[in-house]
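The structure appears below as structure tokens.
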Amino acid sequence: MQANTRRVPGEAGMWVLILGDLLVFSIFFMTFLYYRATEHAVFAEAHHLLNQRFGLTNTLLLLTSSLFVAMGVHRVRDTHKPAYPLFVGGILCGLGFVVIKGFEYSEKFASGITINTNDFFMLYFVLTGIHLMHVLVGLLILSFLAASSRDIEKASGRLMLIEGGALFWHLVDLLWIVLFALFYLVL
Amino acid sequence: MSERGQRIMIWWGMIFLVIFALAYGLLIGFMPLPPATWTPDQIAAYYSAHSQQILIGAVICSWTGAFAVPLATVFAIQLARLEEGVPVWSILSFAGGILMSMFLVFPPILWGVAAYTPGRPHEITAVIHEMANLTLATTDQFFIFQMIPITYISLTQKIDANSPFPRWLGYFNLWVAFMFEMGVFGFVTKTGPFAWNGLFVYWCPLILFGAWLSTMSFMMLKALKRQSSHAS
């Protein structure tokens, strides 16, 4: 990208959605910090009940997935070559995230932890649940990207859509990184 | 042409919305909803202390509760302008708008029912009260059947100078649809930001609903002005 021809990736209107979502999740994060400050002991204890390995694996999966998607967009936009396998790689990592989240939730339920256990787990289930919904929508979008990028002629015509879809996936990734830090890392 | 009729419908819907909101907030008095942890005795005491104003509020809300119908009609007509062949997205949006209207009519009816017989056992009033509040808080997601068609048409329409749906409005609708999905969490917890009076289940949808209807109505009125000057 040259300095004098800077442009917004995707399309300008798409950023209404992205910034809107970032705003909402920022309020989520502030809510979490507010509750954590008022119930510090409960949060510190509940924090230890989370499975860090699941959290870390999921972070790595989403980061890898974002890398695949970014490489896919680069390939379509800058080299004009089909990027189907890269988007499929992104989808597989995303599916891995969903499966691990399923294991994680069932592990919690099996040990008797639910959304009503305490405020930490109320926020944990609701916020990661809303994020999981974003992941599922993102996977649908990635499937569309994969299908569009099989034929390079078609993909070049849909470049803005492909960039927009990829942006959404990066947003999902970014939100997870903050969720991971808040729930699994911060003591 | 029908532009004049559509403008009347927008104003009709918006004025009724304001009356509805005033009657709900000032007479019924549940803006925000009371804590979900109230005991049946507290609930019954509220209804018997405020029964007259709640009943009058229910009357006014019943008159005006269907304010979403004229609005949904105009949104659907404007979508249909941009569709070719059978206007499937417009029909879906119209159906979504009508459905959402139902869930705004139900809670005032139920609050009215709760206040209707002050002498009944407190537990029964408590059940009616819970039905009313959960109906209000957890039905937001029916709005998406109106918002997704608007998103789709906004993002796929051909260039039309008189369209009321710029692309950003499509993304805005998609975001609001996302946000409204949180209302349903009112079922799972009684305290905190996801309770029926909490930040994400009550305040966010309430404020966004106002912002969404105002933005949509404003865009419709602006486009209708262009459309009628274009026609003449």
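Just so it is clear: chains get the letters A, B, ... in the order the sequence lines come, proteins before strands, and each one is counted from 1.
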Subject >> Separation between OH of B/Tyr171 and CH2 of A/Trp15, rounded to the nearest 0.5 Å >> reply: 11.5 Å

Original post:
Distance from A/Leu161 atom CG to B/Leu155 atom CG, nearest 0.5 Å?
Top reply: 8.0 Å

Original post:
Got more than 12 heavy atoms from elsewhere within 6.0 Å of CE, B/Met131?
Top reply: no

Original post:
Distance from A/Ile130 atom CD1 to B/Phe185 atom CZ, nearest 0.5 Å?
Top reply: 4.5 Å

**OP:** Using non-hydrogen atoms and a 4.5 Å limit, figure out which bit of A/Met14 sits close to chain B: side chain, backbone, both or neither.
**Re:** both

**OP:** Name the orientation class of the two ring planes belonging to B/Phe178 and A/His134 (parallel below 30°, tilted from 30 to 60°, perpendicular beyond 60°).
**Re:** parallel

Subject >> Results of side-chain contact (heavy atoms from CB on, under 4.5 Å) for B/Ser93 - residues two or more places apart only >> reply: B/Ala76, B/Leu79, B/Gln146, B/Pro149

Subject >> Atom CZ of A/Phe183: over 12 foreign heavy atoms under 6.0 Å >> reply: yes

Original post:
Relative to chain A, which segment of B/Leu169 carries a heavy atom at a distance below 4.5 Å: side chain, backbone, both, or neither?
Top reply: neither

**OP:** Check whether A/Leu19 gets within reach of chain B through its side chain, its backbone, both or neither, counting any heavy atom under 4.5 Å.
**Re:** neither

**OP:** Indicate the atoms forming the closest heavy-atom contact of B/Leu199 with A/Ile27, along with that distance.
**Re:** CD2-CG2, 3.6 Å

Original post:
Is it the case that more than 12 heavy atoms not belonging to B/Trp12 sit under 6.0 Å from its CH2 atom?
Top reply: no

**OP:** Any chance you could measure B/Asn173, atom CG, to A/Leu17, atom CG, to the nearest 0.5 Å?
**Re:** 11.0 Å

**OP:** Evaluate whether atom CD of A/Glu45 has more than 12 neighbouring non-hydrogen atoms of other residues, nucleotides or ligands under 6.0 angstrom away.
**Re:** no

Subject >> side-chain contact (heavy atoms from CB on, under 4.5 Å) involving B/Glu123 - partner list, sequence neighbours excluded >> reply: B/Pro40

Subject >> Of all pairs that satisfy salt bridge (Lys or Arg N to Asp or Glu O under 4.0 Å), the ones with a partner from residues 11-33 of chain A, not counting sequence neighbours >> reply: A/Glu11-B/Arg167

Original post:
What residues of residues 202-213 of chain B sit under 4.5 Å from chain A when only non-hydrogen atoms are counted?
Top reply: none

Original post:
For chain B, which of A/Val126, A/Thr31, A/Val137 has the most heavy-atom pairs under 4.5 Å?
Top reply: A/Val126

Original post:
In terms of heavy-atom contacts, does CE of B/Met102 have more than 12 from other residues, nucleotides or ligands at under 6.0 Å?
Top reply: no

Original post:
Between A/Leu127 and B/Phe194, which heavy-atom pair has the shortest distance, and what is it?
Top reply: CD2-CZ, 4.0 Å

**OP:** Inspect the surroundings of CZ in B/Arg226 and state if more than 12 heavy atoms from other residues, nucleotides or ligands are less than 6.0 Å away.
**Re:** yes

**OP:** Take atom CZ of A/Phe29 as the centre, draw a 6.0 Å sphere, and report whether it contains more than 12 heavy atoms from other residues, nucleotides or ligands.
**Re:** yes

Original post:
Which pair of non-hydrogen atoms, one from B/Val188 and one from A/Ile115, has the smallest distance, and what is that distance?
Top reply: CG2-CD1, 3.6 Å

Original post:
Is it the side chain or the backbone of A/Phe125 that comes within 4.5 Å of chain B heavy atoms, both, or neither?
Top reply: neither

Original post:
For A/Phe109, does the CZ atom sit with more than 12 other heavy atoms under 6.0 Å from it, leaving out its own atoms?
Top reply: yes

Subject >> Toward chain A, the part of B/Phe172 with a non-hydrogen atom under 4.5 Å >> reply: both

Original post:
Of the non-hydrogen atoms in B/Pro193 and A/Met122, which two are nearest, and what is the gap between them?
Top reply: CD-CE, 3.8 Å

